[in-house]
**Q** 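Below is one structure. I have some questions about it.
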Amino acid sequence: MADIVPKENLLVRMQEDIRRALEKPEGERRWGMVIDTRKCVGCHACTLSCVAENKLPPGVVYRPVLDQEIGTYPNVTRRFMPRPCMQCENPPCVPVCPVNATYTRPDGIVAIDYEQCIGCRYCITACPYSARTFDVGYTYTEGTPEQEVYELLPNYEYGVEHARVPGSEESPIGNARKCHFCLHRLEQGALPMCVTTCIGVANYFGDLNDPDSLVAEMAAQPNAVVLKEELGAKPKVFYLV
Amino acid sequence: MTTFATPMPGNEVKSPNWVQWVAWALTVICLAAGAYGFYLRFTEGHAAASYGSYVPWGLWIAAYVALIGASAGAFGFAAVIFTLRKTEYYGLARLAMLVAFGAFAAGMTNVWLDLGHPFRFWKLLTQTSWTSIMGWMSWFYVIYGLILVVGLFLTRNGVIPKFMERFSWIAFLFAIAFAGAEGALFGVVGARALWESGLTPILFLVEAALFGVGLVAAGALIFGAMNQQAARMMGVAMLILLGLLLLLEWAEYTTALYASVPAKTSAVMTILTGPYWWVFWGLHLGLGVVLPGLLLLFGRGNALLTGIAGALIAAMGLATKLNLVLPALAQEELDGLAHAFTGPGLTFSYFPSTMEWLVWLGTLGLGGLIVLVGHRLFSLATPTRSSASK
Ligand code: SF4
Ligand code: SF4
């Protein structure tokens, strides 16, 4: 029994890790994530909590969970692979942006300036992980007798209030959008929503520059891999396989 | 030696022939359809379009690259004529500048309406990112548009200034850089195996030249500005370019299929055998290569057949570019993505919506209108000569 129950609460440890990181200057932090595919049961809680947290409209998703089937029936296994933005260290989406709307912050998060973005979608084509989506302007209750109030609530991505005005082309409508590790929560010392809500604690999050952090420990495991390593984007999201 | 352009049949001002009436009728139809399309675009926004998150670019981007390519090709054609002092084709070169401007305006309208925030376009110029090919292209467009307008204005009386002849080689180099950079816009995207190839900018250059000459030939037919000699010259140019295009496509596709790198092979297979296989085999190869090739081979020097072949080549340029833009995007970048989360735009299949077709027609109508009106405005029907002939 003692071996099964974790000695420490992983969420509490990660929480402490990020508080420690926040005491450092921004440029010395390097936010990263490790996803343990062996613990993921494919419940999609992270996907939906992200949708709720960031008020994502139809057609926009930051963290789908890929259901991958390996082998041929009857010799098959399944693997679940949550796919956030990899916050690449060498992000192909950044140099292609013609107006510098997408950029790498000192803490390593690849951000989008919604007011600067012209919606050309060049970055979407350049991302090797399909991590960027286009906010076309849909709402879930469009065409129904009543536009639900929750659809009009503002989101607080990047720490800024963004009201949603359906029918307009006011940002973030018309923009490229993607996961930002819940920067607005992080800056308040809270974990990204997907990490908090994962029922199996399959996500480890924190400062990769802090060798004492759980995430750095996990990223150093021999079974930690990144996706499409050959492209040289240097993702800061690792998978334990 | 006379430096007067050889008067071509139809070069003199005369009432529009039936081909011009057809051109006017098509332009008006396109503009009427486009008016409704523009209305939908501005009232319903991108929600009325079929592109979305996984296939973020669609018909308009394909049309934009096809039209801008054709424009650069037509412009390069004019620059070559002036550089080589081929005075007998000076009239044709002026027409080439005009169709280049029409295609440019149509292409730019497509890409402008494709922006998520069309009214932020000015940021492209005031806050350009120089690491982005698109940033560079924005400035190229400004310079290019200016060159075309100034060129048309300066030659409006039918006299080609000496400096234009002398410095046209620079314009020619610019056309090459311009069309090549358009290809590099795609060629540098490492995430898309179909685009990321050293051949992509070269392919764009050849396609630009081909569609450009095709467009000029079609324009020359409409305005009766093509004699036997010009038809022969343009016919040979188009045949050579068609051959080059086939060679490059063969090289690109066969190496991809042989190497069997999944991302690229699946994109090529989408082109050849995917749900829109007929765009490659029917529209591109059949109507854009084989049929015009036959018309040019058997109708050498025939203005009507050369003009029709040119029109087919230029029109099917869209199919060629659709096959570049869409199959590259219609690939799952990670296994399982298509079904991981669903919603509008979270799909890898794409077919343009009614609004997209209407807007596209409208942009063609706009280009057509510019050419038809510009032909009178810039007095293209007057015989053209070099200023050196004074
Ligand atoms: S995963 Fe895609 S969107 Fe995220 S940083 Fe990398 S290239 Fe950019
Ligand atoms: S969609 Fe926005 S963020 Fe992406 S490349 Fe265009 S301007 Fe930049």
Side-chain angles (χ1 to χ4, degrees), chain A residues 44 47 51 57-61 63-70 79-81 83 92-101 115-138 142 167-171 173-177 227-228 231-233, chain B residues 42-49 51-57 61 111 114-138 185-186 188-192 195 263 325 328-329 332-347:
Chain A
H44 298 266
T47 312
V51 169
V60 176
V61 63
R63 192 185 154 103
V65 178
L66 315 186
D67 184 344
Q68 300 180 331
E69 199 172 281
I70 300 151
R79 176 175 63 193
F80 301 107
M81 187 180 281
R83 201 271 5 248
C93 57
V94 168
V96 298
C97 176
V99 292
N100 292 310
E115 295 309 318
Q116 179 69 4
C117 172
I118 58 169
C120 68
R121 313 192 289 287
Y122 198 9
C123 56
I124 302 183
T125 70
C127 171
Y129 304 102
S130 288
R132 290 179 169 245
T133 45
F134 179 47
D135 189 341
V136 165
Y138 300 116
E142 199 171 271
S168 77
E169 282 191 6
E170 265 178 54
S171 291
I173 293 174
N175 287 60
R177 297 180 67 179
L227 300 184
K228 300 191 180 183
L231 292 180
Chain B
F42 284 107
T43 51
E44 296 187 19
H46 292 275
Y51 48 76
S53 288
Y54 292 159
V55 181
W57 288 344
I61 294 297
V111 74
D114 186 77
L115 291 180
H117 292 282
F119 296 107
R120 291 184 191 167
F121 78 93
W122 51 270
K123 287 177 189 269
L124 284 162
L125 302 175
T126 56
Q127 287 148 65
T128 318
S129 163
W130 300 108
T131 60
S132 170
I133 307 248
M134 200 181 276
W136 281 92
M137 289 307 294
S138 316
L185 199 101
F186 293 88
V188 298
V189 179
R192 307 289 168 174
W195 296 348
V325 175
L329 297 171
E332 254 187 331
E333 288 194 299
L334 294 169
D335 184 25
L337 201 56
H339 304 292
F341 195 78
T342 53
L346 295 173
T347 164

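Here is the naming used below: chain letters follow the sequence lines, and residue numbers restart at 1 for every chain. Any value given below was found using the heavy atoms of this structure, including those in side chains, with hydrogens, waters and symmetry copies removed.
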**Q** Could you tell me whether the side chain of Ser132(B) and the main chain of Val96(A) form a donor-acceptor pair under 3.5 Å?
**A** yes

**Q** Between Glu333(B) (side chain only) and Ser130(A) (backbone N and O only), is there a donor and an acceptor less than 3.5 Å apart?
**A**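 Indeed, once roles are kept as given, a pair shorter than 3.5 Å links the two residues.
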
**Q** Looking only at heavy atoms and a cut-off of under 4.5 Å, which of Ile133(B), Thr126(B), Asp335(B), Thr347(B) has the most pairs with chain A?
**A**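 Top count of heavy-atom pairs under 4.5 Å with chain A: Asp335(B).
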
**Q** Work out which heavy atom in Arg83(A) is nearest to a heavy atom in Leu337(B); give both atom names and the distance.
**A** NH1-CD1, 3.8 Å

**Q** May I ask you to check whether Asn175(A) and His117(B) show a side-chain donor-acceptor distance below 3.5 Å?
**A**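 Looking only at side-chain atoms, His117(B) and Asn175(A) do form a donor-acceptor pair, the distance falling under 3.5 Å.
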
**Q** Quick check on Ile173(A) against chain B: is it the side chain, the backbone, both or neither that has a heavy atom closer than 4.5 Å?
**A** backbone

**Q** Quick one: what part of Thr47(A) sits under 4.5 Å from any heavy atom of chain B, side chain, backbone, both or neither?
**A**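 Contact with chain B: side chain only.
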
**Q** At a heavy-atom distance under 4.5 Å, which candidate from Thr342(B), Leu185(B), Thr43(B) has the highest pair count against chain A?
**A** Leu185(B)

**Q** Using a 4.5 angstrom heavy-atom cutoff, name the option from Trp195(B), Trp136(B), Trp57(B) with the most pairs to chain A.
**A** Trp57(B)

**Q** Identify which part of Ser168(A) has an atom lying under 4.5 Å from any heavy atom of chain B, answering side chain, backbone, both or neither.
**A** neither

**Q** Measuring heavy-atom distances to chain B, does Val99(A) have an atom under 4.5 Å in its side chain, in its backbone, in both, or in neither?
**A**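 Both parts, heavy atoms under 4.5 Å.
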
**Q** Identify which of Asn100(A), Thr125(A), Val65(A) forms the greatest number of heavy-atom pairs closer than 4.5 Å to chain B.
**A**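 Highest number of heavy-atom pairs under 4.5 Å: Thr125(A).
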
**Q** What's the separation between atom CG in Asp67(A) and atom NE2 in His339(B), rounded to the nearest 0.5 Å?
**A**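 So the CG of Asp67(A) and the NE2 of His339(B) are separated by 10.0 Å.
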
**Q** Is the number of heavy atoms from other residues, nucleotides or ligands under 6.0 Å of Glu170(A) CD greater than 12?
**A** no

**Q** Determine the option with the most heavy-atom pairs under 4.5 angstrom with chain B, choosing from Met81(A), Arg132(A), Gln116(A), Glu142(A).
**A**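 Counting heavy-atom pairs under 4.5 Å, the top option is Gln116(A).
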
**Q** Counting heavy-atom pairs closer than 4.5 Å to chain B, which one of Gly137(A), Pro92(A), Pro58(A), Cys97(A) comes out on top?
**A** Cys97(A)

**Q** Quick check on Trp130(B) against chain A: is it the side chain, the backbone, both or neither that has a heavy atom closer than 4.5 Å?
**A** neither

**Q** So for Tyr122(A), is it side chain, backbone, both, or neither that comes closer than 4.5 Å to the heavy atoms of chain B?
**A**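 Contact with chain B involves both backbone and side-chain atoms of Tyr122(A).
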
**Q** Considering non-hydrogen atoms only, spot the tightest contact between Arg120(B) and Glu115(A) and give its length.
**A**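 Residues Arg120(B) and Glu115(A), closest heavy atoms: NH1-O, 3.3 Å.
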
**Q** Is Leu329(B) close to chain A through its backbone or its side chain, or both, or neither, when contacts mean heavy atoms under 4.5 Å?
**A** side chain

**Q** Which of the residues Gly336(B), Gly190(B), Ser129(B), Ala47(B) is involved in the greatest number of heavy-atom pairs with chain A at under 4.5 angstrom?
**A** Ser129(B)

**Q** Minimum heavy-atom separation for Leu115(B) to Ile118(A), with atom names?
**A** CB-O, 3.7 Å

**Q** Could you tell me which non-hydrogen atom of Pro64(A) sits nearest to which non-hydrogen atom of Phe341(B), and how far apart they are?
**A** CB-CB, 4.1 Å

**Q** Under a 4.5 Å heavy-atom cut-off, does chain A meet the side chain of Val188(B), its backbone, both or neither?
**A** side chain

**Q** Can you give me the closest heavy-atom contact between Leu124(B) and Pro98(A), atom names plus distance?
**A**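 Closest heavy-atom pair between Leu124(B) and Pro98(A): CD2-CB, 3.6 Å.
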
**Q** Which of parallel (below 30°), tilted (30 to 60°) and perpendicular (above 60°) describes Tyr51(B) and Phe134(A)?
**A** tilted

**Q** Let's test your reading of the structure: which of Glu44(B), Glu332(B), Met134(B) forms the most heavy-atom pairs below 4.5 Å with chain A?
**A**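 If we count pairs closer than 4.5 Å to chain A, Met134(B) comes out on top.
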
**Q** Taking the side chain from Ser53(B) and the backbone from Val60(A), do they hold a donor-acceptor pair closer than 3.5 Å?
**A**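 Answer holds: no.
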
**Q** I need the Cys120(A) SG to Lys123(B) NZ distance, nearest 0.5 Å.
**A** 12.5 Å

**Q** Counting only non-hydrogen atoms closer than 4.5 Å, does Leu231(A) touch chain B with its backbone (N, CA, C, O), its side chain (CB onward), both, or neither?
**A**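 Only the side chain of Leu231(A) comes within 4.5 Å of chain B.
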
**Q** May I ask you to decide if Val55(B)'s main-chain N or O and Arg121(A)'s side chain share a donor-acceptor pair within less than 3.5 Å?
**A**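 Flag not set: sc Arg121(A) to bb Val55(B) has no pair under 3.5 Å.
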
**Q** Does Thr131(B) reach the main-chain N or O of Pro95(A) with its side chain, forming a donor-acceptor pair under 3.5 Å?
**A** yes

**Q** Sort out for me which of Ala176(A), Pro57(A), Ala126(A), Ser171(A) touches chain B most, counting heavy-atom pairs under 4.5 Å.
**A**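 Among the listed options, the one with the most contacts to chain B is Ser171(A).
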
**Q** Identify which part of Ala49(B) has an atom lying under 4.5 Å from any heavy atom of chain A, answering side chain, backbone, both or neither.
**A** backbone

**Q** Could you tell me which portion of Leu125(B) (side chain, backbone, both or neither) has an atom closer than 4.5 angstrom to a non-hydrogen atom of chain A?
**A** neither

